[in-house]
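These notes concern the structure reproduced below.
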Amino acid sequence: MTTSATTEPSGPARKTPGRTGLSPRQRRRISLGVQSTVLAAGLLLVVLLVDWPLVRETFLDFGATREMYPDLFTIALKNTVIYTLSAYAVGFSLGLVVALMRLSSLAVYRWLALVFVEIFRGLPALLTLMIVGYGLPIALGGPVPGGTVGAVAVGLGLVAAAYMAETFRAGIQAVPKGQLEAARSLGMSHTRAMFSIVIPQALRIVIPPLTNELVLLFKDSSLVSALGIAAAGVELTKMGSDFAINTADSTPFVVAGACYLIITVPLGILVRRLEARQAKAR
Amino acid sequence: MTHMVEIRDLHKSFGALEVLRGIDFTVDQGQVICIIGPSGSGKSTLLRCVNLLETPTRGQVFVEGEELTHPDVDIDAARRRVGMVFQQFNLFPHLKVLENVTIAQRRVLKRGKAEAEKVARDNLAKVGLADKAGSYPAQLSGGQQQRVAIARALAMNPDLMLFDEPTSALDPELVGDVLAVMRQLAEEGMTMLVVTHEMGFAREVADRVVFMDGGVIVEEGPPEQVIGDPQEDRTRTFLRRVLDPTSS
């Protein structure tokens, strides 16, 4: 506002005149007042309109979940963890390979890696899982090696690999060029320099997004419930929905959900800590 | 006698930009050559062509008689004999100081752990940082980091050392320690090629000073001649600006 100095009446108060003639501080106070009123009205409406006894019976009827223990932990939670970790292992190693292919000086490798990433980032994870779970055994003329765990590791691992490949690539590119030059000037080959110097630093950079990927994969393991698996292979979502149907009550869903949160909330806190530590180190 | 370094008709372009336009010069065993000149004159590019961190567009580079620009040369093997120190130090931040100095010995020269650590500690002591072996680079000052970088290069027993503006990123009070290490190295007979703005160092330590401008060598000779009594106008203008920045 270059003209304000001439058009404004010169007074002692440094008031910024808006259309309403209110100072920024007054406007802020009014805005806060409106926001709190809306919040209070909304809460009041929920409290008055919801049938609380019915809600409690539907979601918090823990009598209906008595039969879930101890299988909930010894089978379902355990299987969820196994599916997650095996898919993560596949995603991590395959993702790293694809990232290196993306950065290769051979155009064919770059092209192949790009196609891989676009396909498995673009397909719904459920569809990929079904192609591997139902289609692959037929194509192989027998079960996927490793059974259900093997199919899940490959199906979800392919999807995770596509995302992790992009994360690894970003991490590798974030390592300053001088690091590779210093390593090469000491006589290391390009491959040696990548594995001894660049990739260890890139991994440190991508620890927070990779931990986040673990959280996402943990939740995506629920897709296994759509595969039609044997009782011994049941994971949290499948078990929750089975019990919910048998007892005609939704509390088993809530209990299964709590099991996810037991793992994902601490992991989420860990990610934020790691990110904060990295922000400080820069 | 073969020269330690011989450069013939070296050209280097980045796209349309011609950075080096025909460089010829030689360095003999035990010589210290300082390359000076305004920024953008191609000094660093020339240095980086000596160990092929930059691939020359045209021309030849020989180190100890071996043509590094030959397509069949094992460049990794050749680089082992040529140490390099960078303006930005480029220490490996994820490794401790001792590991910074041992990693290439272990992985490239295949030295055993004990031997590599002994060589590392000897070289750290030489640059005055024996007590910093267990630190991480980020815990050191710029001057200390640069001295570790020198120790890291020396641990490979190079026949030639390249210095690319080794003190340009340092706070003024830290420059002296690094120059002292370099001076000691020169006295021990190390062949050194130094791109620098430190005229005092060039005058005292260099056997020959090379002044570059616009991608060519404008003038070269003993320091007392090039710095003390420059023959070319461009050299005189540059030195006036460097030695007395307030005059222009």
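Chain identifiers are assigned alphabetically (A, B, ...) following the order of the sequence lines, protein sequences preceding nucleic acid strands; residue numbering begins at 1 within each chain. All of these numbers come straight from a predicted model, not from anything done at the bench.
- Checked against ring pair (Phe, Tyr, Trp, His ring centres under 6.0 Å), B:Phe163 has no partners two or more places apart in sequence or in another chain.
- With a 4.5 Å cut-off on non-hydrogen atoms, B:Arg152 touches chain A through its backbone and its side chain both.
- Taking 4.5 Å as the heavy-atom cut-off, none of the residues of residues 101-117 of chain A approach chain B.
- Look at B:Glu188 and B:Lys126 and you find a salt bridge, because one of the NZ, NE, NH1 or NH2 atoms lies within 4.0 Å of a carboxylate O, short of that distance.
- Interface residue A:Arg184: backbone and side-chain heavy atoms are both found under 4.5 Å from chain B.
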Between A:Tyr83 and A:Thr148, does the side chain to side chain donor-acceptor pair (under 3.5 Å) criterion hold? Intermediate values first, please. CA-CA 9 Å; A:Tyr83 294 148; A:Thr148 310; 5.1 Å; no
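- Highest contact tally toward chain A, considering only B:Met84, B:Met156, B:Arg80, B:Arg107, is held by B:Arg107 [criterion: heavy-atom pairs under 4.5 Å].
- Distance check, rounded to the nearest 0.5 Å: CZ of B:Phe62 to OG1 of B:Thr69 gives 6.0 Å.
- Most heavy-atom pairs under 4.5 Å with chain A, from the set B:Asn51, B:Ile103, B:Val82: that is B:Ile103.
- Annotation: maximal heavy-atom pairing with chain B below 4.5 Å, among A:His190, A:Arg204, A:Arg192, occurs at A:Arg192.
- Most heavy-atom pairs under 4.5 Å with chain A, from the set B:Asp74, B:Leu52, B:Asp76, B:Val85: that is B:Asp76.
- Proximity of B:Leu53 to B:Phe86: side-chain heavy atoms (C-beta onward) are separated by under 4.5 Å at one or more points.
- With respect to A:Glu235 and A:Lys78, no salt bridge is recorded, no charged nitrogen being found less than 4.0 Å from a carboxylate O.
- For chain B, the nearby parts of A:Ala183 are the backbone and the side chain; heavy atoms of each come within less than 4.5 Å.
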